[in-house]
Amino acid sequence: MFRLVSLNLNGIRSAANKGLIPWAEELAADCMGVQELKAQAADMTPSLSAMAGMQGYFHHAEKKGYSGVGVYSKHEPSDVLIGLGTHDTTTEFDAEGRWVEVRFDKPGRKLSLISCYFPSGSSSEDRQQAKFRFLGMIAPHLARLKAEREYILVGDVNIAHHEKDLKNWKGNLKNSGFLPEERAWMTTLLDPDQGIGLVDVYRQLHPDTTDECYTWWSNRGQARAKNVGWRIDYHLATPGLAPLARQASIYKTTWFSDHAPLIVDYDLTL
């Protein structure tokens, strides 16, 4: 089995202080996509640059203590793409460190593993508009990528798709992360007939879970203790890879962050 993890760290140094590294060593993943590093290249000590036998590849935000993503891999990639490059024509989001694509191409196969951190719009209307710009930019890029290669995108998408994906859905109908426009965007992303046709791997394996499915909890109001959570972390796979997923779990025994790791095992060989 090929074990792939997604985890928003809410600060890699903070997560390391809470036991991330020994947990990763015990988990023995093949690859791990991480988001919200909140660290610059100079902050990445050897124990953070490589972890649990995996080499890390990172896209840091220009702003200190903000955003940033990475992919750790036990396997030597054929290529690594840091940032969206020409696909982000204004460089607005590359400045924020939101995309790392690690490629494992070989004759007859093109395959990528991507760690991506979608913007949150919860802090202000300006940030919500930035989120909409990101969604508008990333959708055609994901479609182009799907036309030329297989991939699994892991990351914090900052959107709960359906009512079963968050505890208090009625109270969040007008809030960022559960807005009708965001949910419609997810529907289009996953629609095989009229949209892009990616597969929500967790929902493929667990179509009906509610309380068990959450991956993020607010730090306010005892949300974690009361399990008032949201499912906003995903594995999004092309149709050629999604059927290879065998099991998915959300690790909640130890907390490294306000997010929980999403772990999926695939019948896949790099």
Side-chain angles (χ1 to χ4, degrees), residues 2 4-6 30-35 57 59 69-71 73 75 77-90 92-94 98-119 131-162 165 181-205 207 231-246 248 262 264-270:
F2 178 85
L4 177 61
V5 182
S6 185
D30 291 273
C31 286
M32 182 164 67
V34 294
Q35 303 87 42
Y57 308 91
H59 186 199
V69 295
V71 174
S73 176
H75 308 269
S78 59
D79 197 10
V80 179
L81 280 65
I82 305 296
L84 290 153
T86 58
H87 303 291
D88 179 15
T89 55
T90 66
E92 175 182 8
F93 300 107
D94 270 358
R98 297 192 176 275
W99 179 279
V100 173
E101 179 182 346
V102 180
R103 294 184 166 181
F104 299 93
D105 294 355
K106 61 183 183 181
R109 186 194 74 181
K110 294 182 177 180
L111 188 152
S112 293
L113 301 177
I114 301 157
S115 178
C116 186
Y117 179 39
F118 286 49
K131 184 177 185 178
F132 284 139
R133 288 194 298 275
F134 183 87
L135 297 180
M137 177 270 297
I138 205 71
H141 179 51
L142 294 174
R144 285 190 296 265
L145 209 58
K146 178 174 175 281
E148 68 184 41
R149 61 178 46 247
E150 304 286 354
Y151 63 86
I152 306 169
L153 182 151
V154 303
D156 177 358
V157 175
N158 267 312
I159 300 171
H161 190 198
H162 294 298
D165 292 324
E181 303 96 319
E182 297 170 331
R183 298 169 63 199
W185 184 91
M186 282 295 300
T187 296
T188 299
L189 183 76
L190 302 174
D191 189 329
D193 297 319
Q194 300 182 41
I196 295 173
L198 296 184
V199 178
D200 179 349
V201 173
Y202 178 85
R203 279 297 179 216
Q204 174 184 261
L205 296 171
R231 187 177 77 94
I232 58 175
D233 300 87
Y234 291 81
H235 284 222
L236 298 169
T238 51
L241 292 178
L244 303 179
R246 295 292 177 260
L262 173 58
V264 181
D265 291 338
Y266 296 86
D267 188 3
L268 173 66
T269 303
L270 293 188

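Throughout, residue positions are numbered sequentially from 1 according to the sequence presented. Any value given below was found using the heavy atoms of this structure, including those in side chains, with hydrogens, waters and symmetry copies removed. Just so we're clear, the structure is a prediction, and the values are computed from it rather than from any experiment.
- Proximity of a side-chain donor or acceptor of D88 to a complementary backbone N or O of G85 within less than 3.5 Å is not detected.
- Rounded to the nearest 0.5 angstrom, Y266 OH and D30 CG are separated by 12.0 Å.
- Under the 3.5 Å distance criterion, the side-chain polar atoms of K146 are left unmatched by any main-chain donor or acceptor of L198.
- Residues I138 and L84 have side chains in contact (heavy-atom distance under 4.5 Å, counting atoms from C-beta outward).
- In terms of modelled atom types and a separation under 3.5 Å, the side chain of T238 and the main chain of E150 share no donor-acceptor contact.
- Counting all heavy atoms, side chain and backbone alike, T89 lies closest to T86 at CG2-O, 3.5 Å.
- Sorted by first and then second residue, the pairs that involve residues 182-201 and meet ring-ring contact (aromatic ring centres under 6.0 Å, His included), not counting sequence neighbours, are F118-W185.
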Report task. Walk me through it: do S115 and Q35 pass the test side-chain contact (heavy atoms from CB on, under 4.5 Å)? Result -> CA-CA 7 Å; S115 178; Q35 303 87 42; 3.2 Å; yes

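- Heavy atoms only, all atoms of each residue included: A245 and Q204 are closest at CB-NE2, 3.9 Å.
- Here the closest non-hydrogen pair linking G70 and V100 is CA-CG2, 4.3 Å.
- Remark: R98 fails to qualify as a cation-pi partner of F93 under the 6.0 Å distance and 45° angle criteria applied to the six-membered ring.
- Atom CZ in F134 sits 4.0 Å away from atom SG in C116 (nearest 0.5 Å).
- The two residues S6 and G155 come nearest to each other via the heavy atoms OG-N, 3.2 Å.
- Residues V34 and V69 form no side-chain contact, since every pair of their non-hydrogen atoms from C-beta on lies 4.5 Å or further apart.
- Interatomic distance, L236 CG to L241 CG, rounded to the nearest 0.5 Å: 12.0 Å.
- Separation of atoms CG (N158) and CD1 (I232) is listed at 4.5 Å; rounding is to 0.5 Å.
- Listed for the R183 side chain is a donor-acceptor partner under 3.5 Å among the backbone atoms of H161.
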Query - Worked verdict on R149 versus R103 for side-chain contact (heavy atoms from CB on, under 4.5 Å) - result: CA-CA 10 Å; R149 61 178 46 247; R103 294 184 166 181; 3.4 Å; yes

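- Tested against F2, the residues L113, D265, T269 include a single side chain to side chain contact (heavy atoms under 4.5 Å, CB included) partner, L113.
- With S112 contributing its side chain and Y151 its backbone, the two residues share no donor-acceptor pair below 3.5 Å.
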Report task. Give the intermediate values and the outcome of side-chain contact (heavy atoms from CB on, under 4.5 Å) for residues L135 and I159. Result -> CA-CA 11 Å; L135 297 180; I159 300 171; 4.2 Å; yes

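- Between K110 and D105 there is no salt bridge, since none of the side-chain N atoms of the basic residue sits less than 4.0 Å from a carboxylate O of the acidic one.
- Once rounded to the nearest 0.5 Å, the distance linking NZ of K106 with OG of S78 reads 11.0 Å.
- In terms of modelled atom types and a separation under 3.5 Å, the side chain of R109 and the main chain of L270 share a donor-acceptor contact.
- Counting all heavy atoms, side chain and backbone alike, L268 lies closest to L111 at CD1-CD1, 4.0 Å.
- Judged by distance alone, with hydrogens and angles left aside, the side-chain atoms of H141 form no donor-acceptor pair with the main-chain N or O of H87 at under 3.5 Å.
- Scanning both residues, V199 and P239, for their nearest heavy atoms gives CG2-CA, 4.3 Å.
- Remark: side-chain polar atoms of D156 are not paired, donor with acceptor, to backbone N or O of D233 under 3.5 angstrom.
- Put simply, the side chain of H59 reaches to within 4.5 Å of the side chain of D94, judged on heavy atoms.
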**Report entry** Residue pair V5, V154: steps toward the side-chain contact (heavy atoms from CB on, under 4.5 Å) verdict
**Finding:** CA-CA 8 Å; V5 182; V154 303; over 6 Å; no

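- With values rounded to the nearest 0.5 angstrom, I196 atom CD1 is found 5.0 Å from L189 atom CG.
- Panel note: side chain Q194, backbone T188; no donor-acceptor pair is recorded below 3.5 Å.
- Contact of the V157 side chain with the M186 side chain is registered, since non-hydrogen atoms from C-beta on lie closer than 4.5 Å.
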